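Contents: one structure, followed by commentary.
Computed from heavy atoms alone, side chains included, the values below leave out hydrogens, waters and symmetry copies. Being a predicted model, the structure only gives us computed values, none of them experimental. Order of listing sets the numbers, starting from 1, for every ligand and every atom in it. Note that the numbering runs from 1 along the sequence shown for the chain.
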Amino acid sequence: MKKHNFYAGPSILDQSVIKETACAVLNFAGTGLSLLEVSHRSKEFDAVMTEANQLFKELLEIPEGYEVVFVGGGASMQFCMVPFNLLNKKAAYLDTGTWSSKAIKEAKLFGEVDVVASSKDKNYTYIPKNYTVPEDVDYFHYTSNNTIYGTEIRKDPDVKARLVCDMSSDIFSRPIDVSKYDIIYGGAQKNLAPAGVTFAIVRKDALGHVEREIPTMLKYTTHIDKGSMFNTPPVLPVYSALQTLKWYKEMGGVKAMQKLNEEKAAILYDAIDNSKLFVGTAEEDARSLMNVCFVMKDEYKELEAQFADFAIKERGMMGIKGHRSVGGFRASLYNAMPKSSVEALVACMKEFEQKH
Ligand code: PMP
């Protein structure tokens with residue numbers, strides 16, 4: 001049975017990325033050694049890091065004055081690195097889900113946090129509107145895609161304050177205007193690489209304005225100055241990230257990804273909206289293209305476990321169970337997800353519906 005990978009993260013990577021990584025594990029860049037056993041200071045790996053950095057900048061059209069760093073610690077480490085490096089007195093945060101709340105919790109260790117709006121009152125099923133970001137804050141932080149709740153902010157916001165965004169689960173899914181941001185960060189394990197590497201796009205002149213001492217490893221300048229090689233970087237995930245970036249370029253870049261993502265999400269949302277059994281959980285204008293969350297309508301709730309069983313065990317729809325805080329189902333349609341898998345999921349939903 002063909003398996004379709006709907007996991008939310010770590011999640012699907014293009015087959016070419018997996019194959020190239022597997023080959024390098026056996027013989028890296030013709031060295032006769034495995035990628036797992038070569039020095040990160042070797043000229044072969046140095047070339048990987050350099051190319052990954054260049055391609056990252058090229059694909060997102062990152063302007064002058066910014067640097068991209070690859071570090072460890074996950075996006076969760078960025079929740080504290082951002083305030084450590086930027087927060088003097090007060091920061092503004094938008095609370096749109098579990099990951100935003102976790103970022104807020106860390107920021108509170110460093111200063112005052114103004115939560116400008118929250119969608120917690122309706123279990124994060126919408127994106128708050130009509131809030132204002134005070135101009136006197138050190139920065140405004142938001143999460144562009146709420147992986148757990150399936151909501152997304154796809155327009156780069158216009159704010160006067162410095163802008164920081166957690167793009168863990170929708171980076172490279174569409175073009176972004178990087179010049180509006182001071183820091184964009186994310187874990188790689190959705191649209192970039194296997195787990196283990198974290199990226200941060202940093203406007204250099206946003207740094208150096210806090211008075212506190214920052215531990216060396218938590219200082220962005222440490223990693224910028226050393227080209228992400230201050231200490232041993234996560235070699236294998238960086239290698240895989242490069243393969244994904246090459247694949248994006250071959251596919252036509254982030255604009256092509258956006259078109260594909262819009263098409264894929266439309267197929268699934270359309271099926272949900274026209275279904276007798278299923279209903280989407282996110283408000284329509286907040287729907288994510290990356291994580292499609294849906295449940296059984298109240299009158300069919302008792303069929304939920306049965307559908308999960310059928311879809312996973314009989315039709316190979318892996319990872320479609322919703323996060324425990326939402327329940328139901330979540331189909332993650334990251335960049336590497338082929339349209340054919342989305343069509344297979346829709347066929348599986350229709351088949352189940354016909355039987356019930
Ligand atoms: N932010 C978002 C939007 C996420 O989806 C996740 C992980 N699923 C995180 C942060 C935390 O990332 P990590 O596990 O890399 O710390």
Side-chain angles (χ1 to χ4, degrees), residues 5-13 68-84 93-107 109 118-120 123-128 140-154 156-157 163-174 176 181 183-201 217-218 223 228 233-234 236-238 240-241 244 261 281-282 286-293 319-326 330-337:
N5 186 353
F6 291 98
Y7 278 111
S11 45
I12 189 165
L13 295 167
V68 176
V69 292
F70 298 110
V71 295
S76 302
M77 180 73 99
Q78 297 300 306
F79 296 164
C80 99
M81 255 175 99
V82 165
F84 228 138
Y93 276 70
L94 182 64
D95 177 25
T96 54
T98 307
W99 301 113
S100 307
S101 320
K102 290 192 173 180
I104 289 166
K105 180 173 177 241
E106 296 307 300
L109 298 173
S118 170
S119 48
K120 193 170 182 191
N123 202 28
Y124 297 117
T125 50
Y126 69 103
I127 298 290
F140 169 57
H141 176 286
Y142 78 105
T143 314
S144 54
N145 185 66
N146 301 289
T147 324
I148 294 176
Y149 301 93
T151 62
E152 189 175 18
I153 300 170
R154 290 203 291 279
D156 304 309
L163 189 56
V164 177
C165 186
D166 172 0
M167 292 198 191
S168 292
S169 51
D170 64 352
I171 190 79
F172 293 108
S173 68
R174 62 170 184 281
I176 43 175
Y181 296 86
I183 295 182
I184 298 171
Y185 66 84
Q189 63 272 22
K190 276 85 168 171
N191 272 339
L192 193 59
V197 65
T198 311
F199 66 85
I201 306 166
M217 276 297 285
L218 298 180
H223 303 286
S228 303
L236 185 134
V238 170
S240 297
T244 300
N261 290 330
T281 54
R287 284 173 163 180
S288 165
L289 300 188
M290 298 285 101
N291 311 98
V292 177
C293 295
I320 57 153
K321 275 202 180 157
H323 190 271
R324 58 193 178 278
S325 56
V326 181
R330 168 174 54 173
S332 296
L333 314 182
Y334 297 120
N335 286 347
M337 164 68 60

G74: numbered ligand 1 atoms lying under 4.0 Å from its heavy atoms: 15 (O), 16 (O)
S168, portion touching ligand 1 at heavy-atom distance under 4.0 Å: side chain
contact_flag K190 ligand 1 heavy-atom lt 4.0 Å: yes
N123 and T125: side chain donor to acceptor below 3.5 Å: no
N191 side chain to F172 backbone, donor-acceptor under 3.5 Å: no
Spacing of CG belonging to N261 relative to CD belonging to E152, to within rounding of 0.5 Å: 8.5 Å
Distance-only side-chain donor-acceptor flag, Y334 / N291, under 3.5 Å: yes
Q189 touching ligand 1 at heavy-atom level, < 4.0 angstrom: yes
Protein heavy-atom partner closest to atom 6 (C) of ligand 1 - residue, atom, separation in Å: W99 CE2, 3.5 Å
Test item: side-chain donor near acceptor, N146 and Y124, under 3.5 Å: no
Flag for S101-D95: side-chain donor and acceptor within less than 3.5 Å: yes
Closest to atom 1 (N) of ligand 1 among N146, I148, D166 (heavy-atom distance): D166
Ligand 1 atoms in contact with N145 (distance to a heavy atom under 4.0 Å): 3 (C)
Close side-chain approach of K190 and N335, heavy atoms under 4.5 Å: no
Pick from S11, G187, A75: the one approaching atom 13 (P) of ligand 1 most closely through a non-hydrogen atom: A75
Ligand 1 versus F79: contacting region, heavy-atom distance under 4.0 Å: side chain
Residues S288 and Y149: side-chain donor-acceptor under 3.5 angstrom: no
Contact check: S76 vs ligand 1, nitrogen or oxygen atoms, below 3.5 angstrom: yes
Shortest protein contact, atom 3 (C) of ligand 1 (heavy atom only): T147 OG1, 3.4 Å
